[in-house]
Engineer: 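Here it is, the structure in full.
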Amino acid sequence: MPQSHLSTIALQVTSTNHLKQFHAHLIRNALHRHSFWVPRLIAFCTRFHAPPPYARRVFDSAHQPSVFAFTNMLRYYYKWGSNQEVLSLFDEMRQCNLKPDPYAYPILIKAAGKSAVLFHSELIKRGHDCGMYIRNALVNAYGSYGPIEAARQVFDEMTDRSVRDWNSIIWGYWNLGDEGEAKRLFDLMLDKNVVTWTTMVTGYSKMNDLESARRYFDRMPEKTVVSWNAMLSGYAQNGFTEEALSLFRQMVSVGVSPNETTWVTVISSCSSHGDPGFIDSVVKILEERGISMNPFVKTALLDSYAKCGRLEMARKIFNELGACRNLVAWNSMISSHTRTGDLISARELFDQMLEKDVVTWNTMIAGYAQNGQSALAIELFKQMINERGVMPNEVTVVSVISACGHLGALELGYWVMEFITANGVKLSMSAYSSLIYMYSRCGSMDEAKMIFYEMEKQDVVSHNALITGLAAHGNGIEALKFLRKMKDEGIEPDRITYIGVLTACSHSGMLEEGKKVFESIEAPDIDHYACMVDLLGRVGKLDEAKRMIEEMPMRPHAGIYGSLLNASRIHKRLDLGEFAANKLFELEPENSGNYILLSNMYASAGKWKNVDRIRKLMKTRGLMTTTGWSWVEHDRKMHKFTVGDRSHEKSVKIYSKLAELNRKLQGLGYVADKSNVSRDVEDEEKEEMVGTHSEKLAVAFGLLVSEPGTVIRVVKNIRICLDCHTAIKMISKLEEREIIVRDNNRFHHFKDNVCSCNDYW
DNA sequence: TTAGGGTTAG
């Protein structure tokens, strides 16, 4: 068959399936290894998104791949997104003693990204003439990955700047966030084209300035489908879903026909729209119009289904994608599982992946962190940085630092920050906020404040993180100070802010101030009421608190009665305590804390029959099995203890330290408080066990391993009991140590036989 | 065949 005839057939190839038929045709004619056809077949693979194994087979079928074949294969991998493959194919090319042609260098420079300078210096060293393609690729690479000065230098040294070069340097400045220089160059430019205008639209979108983006969009002398897509994705990525969808409708009505990129944006907007029916209507349109779906469209569809909770549809598309599954499809599948809390399935997919990117790691790490598996989140982070190739980014920082905060792992947090700083990972606004959260959850409010002031600009989230921390530390005065500060600076407080401030007032007994804050809230919700009940109760105005519950405009939830019960305990109001507890036994029958609080109230009133009754109730409801634990960090590891625990390797030393402390305390007049109904032990064992409560073991261990004069930080999963509270208070004086215990939601700061917090069992 | 638009983590 003559070559010209084959070329005519080749022109008719419009999809991967056609391509495969045509390929088979060539094989039958023994032409598939031909130096003319191999590069062309690879170009088809690039155009129709054929999967990598197929493209590689085509490439490998060449007897001796030509420079042309190599270049096309490099381009294929680049377009597919496998920069790593581009670079390793380049190595293969060198091993074949082939020199890259002028077309290969731009691809290599783009794929190298940050390392573009390596190719640049190689070109200079060889005295290679940097043609216009290469110069443009350099401006682009330096503009995208920095340093921008290098881009500018290449740009300035040119004597024949093309529109492309101008567009690239403008894009470089947008990438850096330098709106001024981008705009200056734009205004300076004489022959702007549609790409120049589109760059401005994208640039402003990147800066979250949608109004300016739209202004440029509306002023464009001409628009292509890419311009529309740029504006659409600007809206979509900034969360303006409605605007995106309405612009899409406008686009269709003026007769611009959407391409695959348009559909990708529209589909992803559907999933943030929240209406699960939306996606079906888009699919219907796609089917009616017979639109071919490339892997991007299919992946966007997969993600949308997953986000709407239709996992079976997502899985179906994932399977259909087969070899076309890219990283994004995998990542999306993983997050669809972590979203529903199915960490096992998520981890299975994660482990199956041969190639992972930073999003893959972040998805899994965040999955652990958000599902209460902080230790696993940190474990995976360690694995991530040990495996070369993937550098954590600001998103990773948020999850890992929050996990450290959750655990109270301060040393680990320092270590993470050291790594982040050493590797030049930039901190995002939310990373700063999670740092504030971490320091305050680790009991270090000074450092939390330091980070807060280090921020260029604080937002509502960072204020909330700080205020919530201050609340947990019982610092109402400062919490109010920061509320005023944010109002003065025009930052609108939200519901979280008010919960924090009210809690802080409550923990400091600031009734009048709290009332004023409460009255200033435009539409207080149930949690704000709960804070007020707590505040009134703590200062002893229990009847007023009960009245508030009766008169509030919504149905009280467990938090409301929980506050009342706690206040009844503090002020020894058995009647109200019984009332609140009975409500709680109905609302949350599984929460053993309520039973213990009531039972302890009976115990301190000497009503032992009632104590027995509650304990029996707990037993019949199967609530005696949960154990409390405490942990303390040493050498970036968490050392965990339960009551009477002897499993720690330093157990012998810990127990003798504890015995020594007990002797000294008794000498100072300490008597063990046994009124607390320990949930872990039977009566006969109780007397012995009180001395070995988990927080005491943790403190003893802390004293053994830490430097004199340093703070000992203990984290407990449930409330500290009165006995431990008394004992640790005395230990702080005896050993001249600052001891911080974080239980449920509060900090007990023990120093010199003092602790201002009286929330205990 | 070197410039602008696409899906995923928070």
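The sequence lines fix the lettering, A, B, ..., with proteins before strands; numbering per chain opens at 1.
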Engineer: Table please: side-chain donor-acceptor pairs of residues 151-159 of chain A below 3.5 Å, with sequence neighbours left out.
Structural biologist:
| unit_1 | atom_1 | unit_2 | atom_2 | d |
| --- | --- | --- | --- | --- |
| R152(A) | NE | D156(A) | OD1 | 3.3 |
| R152(A) | NH1 | Y173(A) | OH | 2.9 |
| R152(A) | NH1 | E181(A) | OE2 | 3.0 |
| Q153(A) | NE2 | E157(A) | OE2 | 3.1 |

Engineer: Is atom NE2 of H406(A) surrounded by more than 12 heavy atoms (other residues, nucleotides or ligands) closer than 6.0 Å?
Structural biologist: no
Engineer: Rounded to the Å, how far apart are E394(A) CD and dG10(B) P?
Structural biologist: 13 Å
Engineer: When we call it a touch if two heavy atoms are under 4.0 Å apart, what does S430(A) touch: a base, just sugar-phosphate, or nothing?
Structural biologist: nothing
Engineer: Applying side-chain contact (heavy atoms from CB on, under 4.5 Å) to D165(A) and I169(A), what does each step give before you reach the verdict?
Structural biologist: CA-CA 6 Å; D165(A) 297 315; I169(A) 193 80; over 6 Å; no
Engineer: Tell me what F296(A) touches on the nucleic acid: a base, only sugar-phosphate, or nothing, going by heavy atoms under 4.0 Å.
Structural biologist: base
Engineer: Mind checking K110(A) for me? I need base, sugar-phosphate or nothing, with any heavy atom below 4.0 Å counting as a touch.
Structural biologist: sugar-phosphate
Engineer: Looking at every strand, decide which applies to D165(A) at a 4.0 Å heavy-atom threshold: base, sugar-phosphate, or nothing.
Structural biologist: nothing
Engineer: Any base atoms under 4.0 Å from V139(A), or only sugar-phosphate, or nothing? Heavy atoms, all strands.
Structural biologist: nothing
Engineer: Name the nucleic acid region contacted by S227(A), choosing base, sugar-phosphate or nothing; use a 4.0 angstrom heavy-atom cut-off, strictly under.
Structural biologist: base
Engineer: Pick base, sugar-phosphate or nothing for S304(A), based on heavy-atom distances below 4.0 Å to the nucleic acid.
Structural biologist: nothing
Engineer: Which is true for T363(A) with a 4.0 Å heavy-atom rule: it touches a base, it touches only sugar-phosphate, or it touches nothing?
Structural biologist: sugar-phosphate
Engineer: Identify each donor-acceptor pair in which a side-chain atom of residues 140-147 of chain A lies under 3.5 Å from a protein atom, sequence neighbours left out, and give them as a table.
Structural biologist:
| unit_1 | atom_1 | unit_2 | atom_2 | d |
| --- | --- | --- | --- | --- |
| Y142(A) | OH | H120(A) | ND1 | 2.7 |
| S144(A) | OG | N140(A) | O | 2.9 |

Engineer: Under 4.0 Å, counting only non-hydrogen atoms across every strand here, what does K307(A) touch: a base, just sugar-phosphate, or nothing?
Structural biologist: sugar-phosphate
